Amino acid sequence: MIIRPTSETIIWDTYKKWIQSYRDLPLLINQWANVVRWEMRTRLLLRTAEFLWQEGHTAHATEKEAIEESEKMLDIYAEFAEKWMAMPVLKGVKSPSERFAGAVETYCIEALMQDGKALQAGTSHFLGQNFAKAFDVKFLSKENTLQYVWATSWGVSTRLMGALIMAHSDDKGLVLPPKLAPIQVVIIPIYRKEEQLAEISKVAVKIKDALQAKGISVKFDDRDTYKPGWKFNEYEFKGIPVRLAIGPRDLENGTIEVARRDTLEKETYQITDIENKVEHILEQIQDNLYQKALSFREDNTYVVDSWDEFKDVIENKGGFVLAHWDGTSETEDKIKAETKATIRTIPMDGKSEEGTCVYSGKPSNQRVVFAKAY
RNA sequence: CGGGGUAUAGCGUAGUCCGGUUAGCGCGCCUGCUUUGGGAGCAGGAGGUCGCAGGUUCGAAUCCUGCUACCCCGACCA
């Protein structure tokens, strides 16, 4: 185990040895590492003393290239959150007080959990030349001048699993987006006698093969030790997106029952072409989960212009609050002290809009996002 | 680190204030029969150092002392 204050120390100590010429740039090192942090208080899946994360560190010849890199990584994280986790995120930059120590700019993606609290799901930093100067990392440019390199760093962690769970789950258990579900479809036979199971299995295995041929992961649960009802609940608990049930009645009618985890709806389909129908349903579930989370966020985002309303929303409703802020950390601190809400992000695509700070009444030209956060 | 709480069968718990049969219940587990399209029913059964170490008492899950572990809230933080 290696103990160091922050990853940058070990990375930049090494980069100093590796970087001499503009020909050595850009440089990107990504690592997956278990890290240990001293935390006064831990929180399951969100803030544990030890966790697995991915961290990338880059070095560039120009400021422009480094900024582009940190923005690109933020986009990649946002795309993963939205397209794969079906979790909408706000992209933006952190206020100076929430900024990573040593960064010139900290970019972040912020998600809203079902309990109305915000969760930072990933960060990307433009480090300027801060670490290059601290670790004396210079390169010789094409023009034969000695210059400090420009840097970025970025990462996401197993915290994303906590985010996934809190974004979609319901009272029946976990809800997994199809694109991330280890098992996307489960097939459950319904039968009385051994002979019936044998008949059903023939059909079930055929469906399983057809689904697998389309790249869909399937489990055929023909265990005789549990009853169908028990299995239904079990797979709902585990968040399997689609459940197929086949019984004697289906064999007679050439049908199959399809149940969706996201809506809990059941529907009986003709078994013909079932693999294409299921594939389509998986896509619908992926899309529906995202839309559901997006609607939830929209329903829980409030545009607020007065301090009383601000306090009321933060205290009684939760969610994101869009309000004007005078840009000072003094105001930010006071708001936090009085309401526990912090500036989660200053949206990148936020429209500029003249207004007055919700706390101090001083002029402001953009709304920022406040929320209570994990 | 401060405040609060909990510890009893694989899991969840009652009993603890006010000491007294064999520590009760639900789920799970085992056996048999009946069941199987939403967590099966009936009958019988197995399973307990009551967190650990001392003490008080004729007698301790219960009272006292010390310890340990875990949970919640706060400060810290992603």
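Side chains included, hydrogens not; waters and symmetry mates left out as well; all remaining heavy atoms used. The chains referred to below are lettered A, B, ... by the order of the sequence lines, with proteins before strands, and numbering in each begins at 1. Since the structure is predicted, the reported quantities are computational estimates derived from the model, not experimental observations.
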Task: For Arg344(A), all residues meeting salt bridge (Lys or Arg N to Asp or Glu O under 4.0 Å), sequence neighbours excluded - done: Glu98(A), Glu110(A)

Open item on the list: Show me the dot-bracket string of RNA chain B, counting Watson-Crick or G-U pairs under 3.5 Å, with | for pairs to another strand and [ ] for crossing ones.
Closed with: (((((((..((((......[...)))).((((((.....)))))).....(((((..]....))))))))))))....

In residues 99-108 of chain A, what donor-acceptor pairs under 3.5 Å come from side-chain atoms, sequence neighbours left out?
| residue | atom | partner | partner atom | Å |
| --- | --- | --- | --- | --- |
| Arg99(A) | NE | Val104(A) | O | 3.4 |
| Arg99(A) | NH1 | Val104(A) | O | 3.3 |
| Thr106(A) | OG1 | Phe100(A) | N | 3.0 |
| Thr106(A) | OG1 | His125(A) | ND1 | 2.9 |
| Tyr107(A) | OH | Glu71(A) | OE2 | 3.4 |

Task: Connected hydrophobic set around Phe320(A), excluding itself, where side chains approach under 4.5 Å - done: Leu90(A), Leu112(A), Phe296(A), Val303(A), Leu322(A), Val369(A)

Open item on the list: Heavy atoms only, 4.0 Å cut-off, all strands: where does Tyr226(A) land among base, sugar-phosphate and nothing?
Closed with: nothing

Anything under 3.5 Å between a donor and an acceptor, one on a side chain of residues 197-211 of chain A, the other on a protein residue two or more places apart or in another chain? List them.
| residue | atom | partner | partner atom | Å |
| --- | --- | --- | --- | --- |
| Glu199(A) | OE2 | Lys202(A) | NZ | 3.3 |
| Ser201(A) | OG | Leu197(A) | O | 2.7 |

- [ ] Provide the distance between the two C1' atoms, one in U8(B) and one in C70(B), to the nearest whole Å.
- [x] 16 Å

- [ ] Encode nucleotides 69-76 of chain B as B, S and - characters from 5' to 3', where the letter depends on protein heavy atoms closer than 4.0 Å: B to the base, S only to sugar-phosphate, - to neither.
- [x] ----BBBB

- [ ] Share the residues that join Ile188(A) in a hydrophobic cluster, the rule being Ile, Leu, Val, Met, Phe, Trp or Tyr side chains under 4.5 Å apart at the heavy-atom level.
- [x] Ile183(A), Val186(A), Ile190(A), Phe232(A), Tyr235(A), Ile240(A)

Open item on the list: Run the side chain to side chain contact (heavy atoms under 4.5 Å, CB included) test against Ser157(A) and tell me which residues pass, sequence neighbours left out.
Closed with: Phe51(A), Trp53(A), Arg159(A)

Open item on the list: I need the residues from residues 239-251 of chain A with at least one non-hydrogen atom less than 4.0 Å from RNA chain B; give them sorted by number, or say none.
Closed with: Arg243(A), Ala245(A), Gly247(A), Pro248(A), Arg249(A), Asp250(A)

Task: Base-contact (B) and sugar-phosphate-only (S) positions in nucleotides 39-47 of chain B, heavy-atom cut-off under 4.0 Å, - elsewhere - done: BB-------

Open item on the list: Glu65(A): which residues meet the side chain to side chain donor-acceptor pair (under 3.5 Å) condition with it, sequence neighbours left out?
Closed with: His60(A)

Task: Neighbours of RNA chain B within residues 81-110 of chain A, by heavy-atom distance under 4.0 Å - done: none

